There are 2 protein chains.
Amino acid sequence: MASLGELERAVMDLLWAGQEAATANTLRDRLARSSAAQGGAGHEGKELAVTTVLTVLSRLEKKGLVERERGTRPHRYQAVSSRADHTAELMHEVLGSAPDREAVLARFIGSVSEGEAATLRKLLGHL
Amino acid sequence: MASLGELERAVMDLLWAGQEAATANTLRDRLARSSAAQGGAGHEGKELAVTTVLTVLSRLEKKGLVERERGTRPHRYQAVSSRADHTAELMHEVLGSAPDREAVLARFIGSVSEGEAATLRKLLGHL
DNA sequence: GTTAGAGTTCTACGGAGCGTAGAAAACTGC
DNA sequence: GCAGTTTTCTACGCTCCGTAGAACTCTAAC
């Protein structure tokens with residue numbers, strides 16, 4: 001249960017970007033604006049129905065990616081974990097399904113930029 | 001275009017395990033045996049139709065994961081890249097979609113086993 | 001306390017991906 | 001040419017995702 005659809009990802013991006021919990025309405029507006037900002041041909045600034053956003057949020061909640069405060073009346077939604085955490089976890093998931101973890105890591109390291117290699121060295125030094 | 005279904009993954013696993021190119025029939029037999037080996041309740045040793053295996057192989061070919069020799073009459077199929085390569089590429093894909101790559105790497109490294117951390121250090125030393 | 005409006009849940013449809021395989025076509029060896 | 005093998009075509013059911021109307025549930029104001 002890892003992969004997200006396009007809209008699901010867009011919503012998560014907004015939740016990850018904003019530090020505060022947001023309501024469905026807020027998110028709908030931001031979605032319209034950010035898709036307009038993307039501009040480009042064929043992808044106009046869509047105004048989604050609020051129910052659409054709510055459906056997506058519910059699905060994300062079921063997937064464990066989003067938490068909602070049920071107390072306040074316009075429910076407020078926020079990401080369960082940061083994007084970095086989530087992405088790192090995803091990477092572990094991908095890696096985890098391999099019996100040859102070391103070989104995978106070798107290939108992975110082999111195609112990392114020099115700057116990131118430096119970062120990794122620093123991080124590994126700390127252990 | 002990254003994720004695989006259950007059967008697709010099973011087929012890829014066989015192709016990655018065997019070093020030789022294999023025919024659809026061979027794969028069907030191996031699938032039956034390996035799913036039997038998995039044993040367990042509710043998951044008996046299924047005998048798939050060959051056409052099923054062929055369909056899956058075609059889809060994998062379209063996804064660029066599998067190559068087939070069309071010359072020989074029972075076509076022979078093999079994985080385009082090793083499992084390690086493929087998995088590493090997947091990891092890069094996951095990582096690539098993040099604007100905060102360094103933060104992700106930090107989290108990732110943070111939850112790697114000590115043995116693997118050592119491997120990584122060694123690999124990074126080489127650069 | 002009833003009601004109007006905002007918010008939420010239920011239900012649903014269409015498209016895509018995947019497991020599954022029969023029917024039909026193409027090929028090979030005899 | 002023909003029979004058996006192999007491949008392609010077509011298709012169905014299922015699940016996931018985008019999308020949203022219909023129906024229900026609150027809350028605030030009267």
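In the text below, chain A, chain B and the rest are named by the order of the sequence lines, each starting its count at 1. What you see is a predicted model; the values in this text were computed from it and never measured.
- If you check dC17(D), dG7(C), dT19(D) against the side chain of Glu8(A), the one that comes closest is dC17(D).
- Lys63(A) has its NZ atom 15 Å from the P atom of dT15(D), to the nearest Å.
- Taking a cutoff of 4.0 Å between a charged side-chain nitrogen and a carboxylate oxygen, Glu8(A) and Arg59(A) do not qualify as a salt bridge.
- When the side-chain nitrogen and oxygen atoms of Asn25(B) are compared with OP1 and OP2 of dT6(D), one or more of them lie within a distance under 4.0 Å.
- Two residues are said to be in side-chain contact when any heavy atoms from C-beta on lie closer than 4.5 Å; Val11(B) and Val66(B) fail this criterion.
- With salt bridges taken as basic N to acidic carboxylate O contacts below 4.0 Å, one links Arg70(A) and Glu61(A).
- In this structure, the separation between CG on Leu48(A) and OG1 on Thr55(A) is 10.5 Å, given to the nearest 0.5 Å.
- Where Arg59(B) and Val50(B) meet DNA chain D, the nucleotide closest to each residue was compared, and Val50(B) sits on the side nearer the 5' end.
- Closest contact between the side chain of Val56(B) and the listed nucleotides dT20(C), dA23(C), dC17(D) involves dT20(C).
- The pair Glu116(A)-Arg101(B) counts as a salt bridge, with a side-chain nitrogen and a carboxylate oxygen less than 4.0 angstrom apart.
- Rounded to an integer number of Å, the gap from CZ of Arg9(B) to P of dG19(C) is 11 Å.
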Item checked: Working for side-chain contact (heavy atoms from CB on, under 4.5 Å), residues His86(B) and Val104(A) -> CA-CA 8 Å; His86(B) 176 255; Val104(A) 174; over 6 Å; no
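- Distance Glu6(A) CD to dA16(C) P: 13 Å, rounded to the nearest Å.
- Contact between the side-chain N/O atoms of Thr51(A) and the OP1/OP2 oxygens of dG21(D) is not found at any separation under 4.0 Å.
- The CG atom of Leu27(A) sits 13 Å away from the P atom of dG7(C) (whole-angstrom rounding).
- Atom CD in Glu47(A) sits roughly 13 Å away from atom P in dG21(D) (whole-Å rounding).
- Applying a 4.0 Å cut-off to non-hydrogen atoms, the residues of residues 66-80 of chain A that approach DNA chain C are Arg68(A), Arg70(A), Arg73(A), Pro74(A), His75(A), listed by residue number.
- Leu57(A) has its CG atom 14 Å from the P atom of dC17(D), to the nearest Å.
- Nearest heavy atoms, Ala24(A) versus Val53(A): O-CG1, 3.9 Å.
- If you measure from atom CD of Glu61(A) to atom P of dC10(C), you get 12 Å, rounded to the nearest angstrom.
- Residues Thr55(A) and Leu48(B) both approach DNA chain C. Their nearest nucleotides, taken by heavy-atom distance, put Thr55(A) toward the 5′ side.
- To the nearest angstrom, P of dT5(D) lies 15 Å from CG of Leu54(B).
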